[in-house]
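Please read all numbers here as calculations on a predicted model, not as lab measurements. In the text below, chain A, chain B and the rest are named by the order of the sequence lines, each starting its count at 1.
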Amino acid sequence: MHVGHIRSTFIGDSLARVARFIGHKVITDNHVGDWGTQFGMIIHGWKTQLDHEALKNDPIHELVRVYKAVNAATKADEAVLEVCKGELVKLQQGDAENLGTWKECVRLTLEQLEKVYGALDIKFDHYLGESFYNDALAPLVADMLEKGIATISEGATVVFSDGSVKPENDPFLIKEKDEWKAAPCIIRKGDGGFLYATTDLATIDHRVKDWKADEIWYVVGAPQQLHFRQVFAAAHRRGITTEMIHIAFGSILGPDGKMFKTRSGETVGLLEVIDEAIERARAAADEKDQGLSAAEKDEIARIIGAGAVKYAELSQNRLTDYKFSWDKMLSLQGNTAPYLLNAYVRTRSIFRKLDGAVTLTDELTLTEPAERALAMKLAQFAENAHDILVDHRPNLLANYLYELADTYHSFYEACNVLRAEGAVRNTRLTLCEATSRVLKTGLGLLGIQTTERM
RNA sequence: GCGCCCGUAGUUCAACGGAUAGAAUGGUGGUCUCCGAAGCCGCAUAUCCAGGUUCGAUUCCUGGCGGGCGCACCA
């Protein structure tokens, strides 16, 4: 995984948390790409140029190296590509050797995935990769042929436009020199191999029939918009009425302004970014020196480091393309996770000093501007939580939490809590407690854990 | 060629059709004998261009210009 993969994971994780918070029943499924042409390439590479020593030392690195090398070879020589495609067809038809190699690759990949998710506090209910649907593919294609939804064209099995919508809204048509031409969705290749459109259709079947989904959300990059319009349209023609939504997001660009791509370009590893983030947070914790143990500081550094990376991502509009920047993603100053966490820590610090000996009453008096501002901001949480799901935008929550933390920090400077008395003190303590809860809950909805000290 | 997305301070990003377009960073001036300074309080700089709809447009529509991505057997 490289940094380009974090958007799908973070956005999807956050939306699932918010939807559950609102009261929906959510099933999360990591649709791992474990069955496509890239495995034809990896299997070919495994057979011809695997460095077994390197595989032992750093499996993912070696797999990526092999994949890139084969990918480059296919570009230079058409024949190599044909060999890879052949390996894929053999795999999909159950060839024992290829299946064994594939299993090993998937195992190594999932191991790596677990490591990344562990550090990031990410969990999925299911990991039904593309391979899970293999047995469903041939019957699905046969069914679509039988119903006349799909037809054979140039050797491949494809779905053409049925002319039910205006050409400009038809995902199966494309305009070329003032003429509408077919832009079919291919569900089976001429060589018998299946594609991701096929597995996506099988996946929809599974989610509708077995999970009884009312809505299916796809958190996938914006470049795949056409693909999903085609797949959703094809599914509708098969009689599926479930609402399907493609929650698209922009690309993470390299310093050259081009997309990060696993296949060819140089990328930045995700684990690398997380490790660096945690390291920087640890250095800051050491500098602050709150008299915490090494183990406490390690855990705080993990929460802050992982939180910083998540917040950098989730505080942005999902549709915006952005340039990857170490400094931005790892910053601990300004509008970042530590800023929000620091506000939370400041609320906890006050109650720690009271040692639990406090009873809040409903005797409230809002007189200072900073008190009123904070109370108003707190009251907006419910509305904000609701707004997130309207357009599936966690950044609205991130923006709100930043404003809340900002308002709290100002309040904290302007209104001393512990030295106040009577109703004023009770009011301020109540504001602190409410801020504490909203920050903890809100950050939790972003997938960011909190810490009592930092 | 056709489609989708985008264009906002030097830079990186926000903004249900609504009030003086917000932050961060960088620059710059203050602020710790006072609940935690990863903080707080100041100063400066922006809606690509031209039309249109509207009481009101960064937002919606049309046309340019600029960038990214996608468009028959990759995912």
Side-chain angles (χ1 to χ4, degrees), chain A residues 33 35-41 71 74 81 84-85 88 130 153-158 168 171 173-191 193-197 199-200 220-227 229-230 248-251 253 257-259 262-263 281 284-285 287-288 290 304 308 312 315-317 319-323 325 327-328 331-343 345-354 383 387 390-391 395-396 398-399 402-403 405-406 409-420 428 432 453-454:
Chain A
W35 205 237
T37 298
Q38 77 271 30
F39 273 89
M41 293 189 189
N71 193 62
T74 61
L81 185 61
C84 293
K85 287 181 178 176
L88 176 67
E130 298 175 329
S153 170
E154 297 174 28
T157 310
V158 308
E168 48 267 43
L173 290 179
I174 185 172
K175 198 175 193 178
E176 214 165 278
K177 294 188 180 116
D178 287 334
E179 210 174 319
W180 290 100
K181 292 181 61 175
C185 175
I186 301 167
I187 58 173
R188 184 162 202 174
K189 295 190 281 187
D191 67 5
F194 299 103
L195 301 99
Y196 80 138
T199 48
D200 278 355
V220 184
Q224 295 193 36
Q225 244 152 177
L226 178 61
H227 165 74
R229 285 179 61 214
Q230 291 187 330
F249 54 84
S251 307
L253 279 21
K258 303 274 187 188
M259 281 172 66
T262 310
R263 298 168 202 186
E287 200 177 325
K288 295 285 296 177
Q290 297 283 324
I304 291 177
S315 59
Q316 255 170 134
N317 186 314
L319 284 170
T320 311
D321 290 348
Y322 70 87
K323 272 190 207 142
S325 150
D327 284 338
K328 173 147 200 220
S331 170
L332 306 177
Q333 310 289 331
N335 185 355
T336 62
Y339 181 84
L340 308 195
L341 289 169
N342 187 37
V345 165
R346 277 178 148 186
T347 65
R348 299 326 303 158
S349 170
I350 286 174
F351 288 99
R352 207 158 41 234
K353 285 211 158 45
L354 292 171
E383 181 188 354
D387 287 346
V390 173
D391 285 314
N395 74 303
L396 295 179
N399 294 163
Y402 173 75
E403 287 170 10
D406 183 36
H409 278 306
S410 298
F411 158 82
Y412 186 88
E413 300 287 337
C415 305
N416 193 294
V417 179
L418 295 178
R419 291 195 304 181
R428 291 180 182 175
C432 288
R453 296 166 183 264
M454 62 190 282

| said: Tell me whether the side-chain N/O atoms of A/K181 come closer than 4.0 Å to OP1 or OP2 in B/rA72. | reply: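 No, because none of the side-chain N or O atoms of A/K181 sits under 4.0 Å from OP1 or OP2 of B/rA72.
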
| field | Short side-chain N/O contact to B/rC41 OP1/OP2 from A/S410, under 4.0 Å | value |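 Checking B/rC41 against A/S410, a side-chain N or O does come within under 4.0 Å of OP1 or OP2.
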
The criterion is side-chain contact (heavy atoms from CB on, under 4.5 Å); which residues satisfy it with [X], sequence neighbours excluded?
X: A/S325; result: A/D327, A/K328
X: A/Q333; result: A/S331
X: A/P184; result: A/V158, A/F160, A/A182

What's the [atom1]-[atom2] distance between [X] and [N], to the nearest Å?
X: A/F194; N: B/rC74; atom1: CZ; atom2: C1'; result: 16 Å
X: A/Q38; N: B/rC74; atom1: CD; atom2: P; result: 12 Å
X: A/Y339; N: B/rG36; atom1: OH; atom2: C1'; result: 14 Å
X: A/L332; N: B/rA38; atom1: CG; atom2: P; result: 11 Å
X: A/L226; N: B/rA75; atom1: CG; atom2: C1'; result: 14 Å
X: A/L81; N: B/rA75; atom1: CG; atom2: P; result: 11 Å
X: A/I186; N: B/rC74; atom1: CD1; atom2: P; result: 8 Å
X: A/N317; N: B/rU59; atom1: CG; atom2: P; result: 16 Å

Would you measure the distance from the [atom1] atom in [N] across to the matching atom in [M] and give it in whole Å?
N: B/rG17; M: B/rC13; atom1: C1'; answer: 22 Å
N: B/rG26; M: B/rU11; atom1: P; answer: 16 Å
N: B/rA72; M: B/rC60; atom1: P; answer: 30 Å
N: B/rC49; M: B/rC65; atom1: C1'; answer: 7 Å
N: B/rC4; M: B/rU62; atom1: P; answer: 10 Å
N: B/rU28; M: B/rG66; atom1: P; answer: 38 Å
N: B/rG51; M: B/rA19; atom1: P; answer: 24 Å
N: B/rU25; M: B/rA38; atom1: P; answer: 14 Å

Which distance, rounded to the nearest 0.5 Å, do you find between the [atom1] of [X] and the [atom2] of [Y]?
X: A/C432; Y: A/R348; atom1: SG; atom2: CZ; result: 9.5 Å
X: A/K181; Y: A/I174; atom1: NZ; atom2: CD1; result: 8.5 Å
X: A/Y402; Y: A/N335; atom1: OH; atom2: CG; result: 5.0 Å
X: A/F351; Y: A/L354; atom1: CZ; atom2: CG; result: 7.0 Å
X: A/F194; Y: A/I186; atom1: CZ; atom2: CD1; result: 14.0 Å
X: A/L332; Y: A/M454; atom1: CG; atom2: CE; result: 8.0 Å

| Want to know the stems of RNA chain B: at least 3 consecutive Watson-Crick or G-U pairs with distances under 3.5 Å, which are they? |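 Stems found: B:1-7 with B:65-71, B:10-13 with B:22-25, B:27-31 with B:39-43, B:48-52 with B:60-64.
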
| said: Quick one: does any side-chain atom of A/N416 pair with a main-chain N or O of A/L418 as donor and acceptor, under 3.5 Å? | reply: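 Looks like yes, one N/O pair under 3.5 Å.
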
| query | Between A/N399 and A/N395, is there a donor-acceptor pair closer than 3.5 Å when you use the side chain of the first and the backbone of the second? | reply |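 Yes: the side chain of A/N399 pairs with the backbone of A/N395.
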
Measuring from the side chain of [X] (C-beta onward, heavy atoms only), which nucleotide among [options] has the closest atom?
X: A/P223; options: B/rG70, B/rG36, B/rA38; value: B/rG70
X: A/Q316; options: B/rA72, B/rA38, B/rC13; value: B/rC13
X: A/I174; options: B/rC74, B/rC71, B/rA72; value: B/rC71
X: A/H409; options: B/rG1, B/rC73, B/rG39; value: B/rG39
X: A/A156; options: B/rG36, B/rA38, B/rC73; value: B/rC73

| request: Taking the side chain as every heavy atom from C-beta outward, state whether A/M41 and A/L81 have any atom pair closer than 4.5 Å. | output: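 Contact flag for A/M41/A/L81 side chains = yes.
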
| query | Under a 4.5 Å cut-off applied to non-hydrogen side-chain atoms, are A/Y339 and A/D406 in contact? | reply |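 Heavy-atom side-chain distance check passes, below 4.5 Å.
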
| query | How would nucleotides 16-35 of chain B be written as a contact map, 5' to 3', with B for base contact, S for sugar-phosphate-only contact and - for no contact, using protein heavy atoms under 4.0 Å? | reply | -------SSS--------SB

| note | Nucleotide by nucleotide, nucleotides 4-11 of chain B touches protein heavy atoms under 4.0 Å in the pattern (B base, S sugar-phosphate only, - none) SS------

| request: Please tell me which of A/D191 and A/N399 maps to the more 5' nucleotide of RNA chain B, matching each residue to the nucleotide holding its nearest heavy atom. | output: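 Checking each residue's closest nucleotide, the 5'-ward one belongs to A/N399.
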
With heavy atoms under 4.0 Å as the rule, sort [X] into base, sugar-phosphate or nothing.
X: A/M454; value: base
X: A/D327; value: nothing
X: A/E287; value: nothing
X: A/I304; value: base

| What is the glycosidic conformation of B/rC49: syn, defined as within 90° of 0, or anti? |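 You should classify B/rC49 as anti.
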
| Should the ring pair A/H227 and A/Y196 be called parallel, tilted or perpendicular, given that the plane angle runs from 0 to 90° and is split at 30 and 60? |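 Because their plane-to-plane angle is under 30°, the rings of A/H227 and A/Y196 count as parallel.
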
